[in-house]
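Reminder, nothing fancy here: chain letters follow the sequence lines and each chain counts from 1.
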Number of protein chains: 2
Amino acid sequence: MDKLTIKQQRILNFIEKHRIEHTYPPTLKEIGEKFKITIGTVQDHIYALQKKGYLERKKDIARGFKVIKSDEEKSFEKMKSDVNLIPLYGNVAAGEPIFASDNIQGYVTMEKNPKGHQIHFALKVKGESMIDSGIYDGDIVIVRKQDTAEDGEIVIALLDDEATVKTLRNKRIKAYLEASNSKYKAIVNRPFQIIGKVIELRRQYSVV
Amino acid sequence: MDKLTIKQQRILNFIEKHRIEHTYPPTLKEIGEKFKITIGTVQDHIYALQKKGYLERKKDIARGFKVIKSDEEKSFEKMKSDVNLIPLYGNVAAGEPIFASDNIQGYVTMEKNPKGHQIHFALKVKGESMIDSGIYDGDIVIVRKQDTAEDGEIVIALLDDEATVKTLRNKRIKAYLEASNSKYKAIVNRPFQIIGKVIELRRQYSVV
DNA sequence: TATTATGCCATATTGATATATGGATAAACT
DNA sequence: AGTTTATCCATATATCAATATGGCATAATA
């Protein structure tokens with residue numbers, strides 16, 4: 001693609017900017033007014049932009065401009081549109097509903113999972129019970145909702161109506177939850193329910 | 001805002017969809033063609049959409065539609081636009097340039113930092129030297145470029161042309177680098193250069 | 001030196017688009 | 001029963017907007 005002159009670049013920018021701001025591209029006249037040139041001159045510029053491959057336009061269509069983006073810009077935009085916002089829940093006291101919208105503390109960005117629309121959420125970890133697995137107090141875990149898991153996977157489990165992070169031990173005889181901290185005992189013989197599996201961990205360091 | 005009828009909702013959706021796909025909104029005629037109704041009827045629908053507050057339009061302006069979005073939609077869009085993609089670099093052998101675009105392994109999404117345009121990048125951690133700080137082999141660290149740091153902060157340092165993750169010890173007498181693993185010794189009396197500070201850690205668990 | 005690209009003007013014409021008006025039916029609401 | 005709302009139609013007109021054409025000057029390029 002040939003390089004654009006300053007004038008051409010400005011006009012191209014104006015078209016795209018106008019489109020974003022007004023939801024529709026400008027007319028030739030509007031471009032002319034902006035740059036204090038006549039329609040005829042605008043035609044020349046538009047022609048140049050088309051010839052150089054930076055602009056497409058539909059014939060006889062009002063405001064029928066389409067600014068061509070480079071592959072790099074495109075893939076960047078695509079990647080951005082592939083970003084999902086998932087809710088970050090705060091810690092929930094026993095008995096309270098976990099997924100109440102009142103408990104949403106914010107949102108966390110996450111690359112969209114290619115495997116369909118699975119439901120994710122994020123949770124702030126409280127306590128030291130998973131420290132031997134490198135999960136610290138204050139870390140954020142991103143969780144995929146599911147009600148089963150394999151032996152050794154880190155899960156969010158509902159224990160006495162409270163959500164906790166633990167390693168699932170799914171042995172032949174019985175499933176139980178294990179803390180990753182030698183000071184804590186495994187939780188055996190208590191009913192629990194798995195609500196999701198930890199798929200990612202995030203830790204934010206305080207920024208000065 | 002009054003509720004929309006099915007027909008009105010469809011027309012509203014079409015206008016927005018057309019805008020996204022073509023970069024400009026449709027004309028009255030195009031709407032009429034889509035729904036096989038006459039322009040007069042389209043006028044009625046547009047009028048209703050305006051009266052109910054779902055659509056704005058400029059008088060005498062071709063394709064002058066603007067679909068009004070709810071506050072919720074707006075804030076979601078805004079949050080998405082506040083997402084940045086930062087490059088993820090792979091491990092670099094000693095002597096090779098670190099920030100060469102050849103070394104970009106992918107991109108990581110990150111909430112845009114409100115404090116201006118700082119430069120960030122991401123790096124995959126190799127080795128066990130920071131395990132006592134909960135940073136494991138394979139973890140991804142997000143780094144803010146800077147050439148100084150405070151005592152105790154985790155930094156990326158250039159040691160013999162190789163980038164490593166270490167804790168900075170900035171004592172009265174001399175600065176040195178410390179591993180967070182009792183098996184490793186601190187690196188004293190060797191020249192190094194700080195290239196950034198770790199501001200976030202991410203760990204992906206294998207998803208089955 | 002001839003040619004092409006850039007940057008500008010003016011004006012006429014064709015076609016695209018929006019607007020205005022009037023009329024009709026059925027359903028919902030007061 | 002009367003009124004509003006939601007659907008539709010048809011047609012005329014004004015204006016918006018794109019296109020076509022021709023001309024001029026300068027700088028870069030073959």
- Message: For a 4.0 angstrom threshold against heavy atoms of chain A, report the outermost contacting nucleotides of DNA chain C in 5' to 3' order.
- Response: C:dA5 to C:dT17
- Applied to residues 7-22 of chain B, the side-chain hydrogen bond (donor to acceptor under 3.5 Å, both in side chains) test, sequence neighbours excluded, yields B:Thr5-B:Gln8, B:Gln8-B:Lys52, B:Gln9-B:Asn13, B:Glu16-B:Arg19, B:Glu16-B:Lys69
- Mind listing the closest non-hydrogen atom pair of A:Thr23 and B:Phe65 along with its distance? OG1-O, 2.6 Å
- Short N-O contact, A:Arg63 and A:Glu30, less than 4.0 angstrom: yes
- Going 5' to 3' along nucleotides 3-13 of chain D, which nucleotides have protein heavy atoms under 4.0 Å from the base (write B), which only from the sugar-phosphate (write S), and which from neither (write -)? --SSBBBB---
- Value in whole Å for how far the C1' atom of D:dC16 lies from CD1 of A:Ile31: 15 Å
- Query: Can you check whether A:Phe35 and A:Phe14 have ring centres sitting under 6.0 Å from each other?
  - Reply: yes
- Item | Spacing of B:Leu28 atom CG relative to D:dT15 atom C1', expressed in whole Å | 14 Å
- Item | NZ/NE/NH1/NH2 to OD/OE distance under 4.0 Å, A:Asp137 and A:Lys126 | no
- Message: Can you tell whether the side chains of B:Arg202 and B:Glu200 come within less than 4.0 Å, N to carboxylate O?
- Response: yes
- Does the side chain of B:Tyr136 reach to within under 4.5 Å of the side chain of B:Ile131, using non-hydrogen atoms? yes
- Task: May I ask you to verify if any side-chain N or O of B:Arg63 is less than 4.0 angstrom from the OP1 or OP2 atom of D:dA18?
- Result: no
- Closest heavy-atom pair, A:Leu159 versus A:Pro191, reported as atoms and distance to 0.1 Å, is CD2-O, 3.6 Å
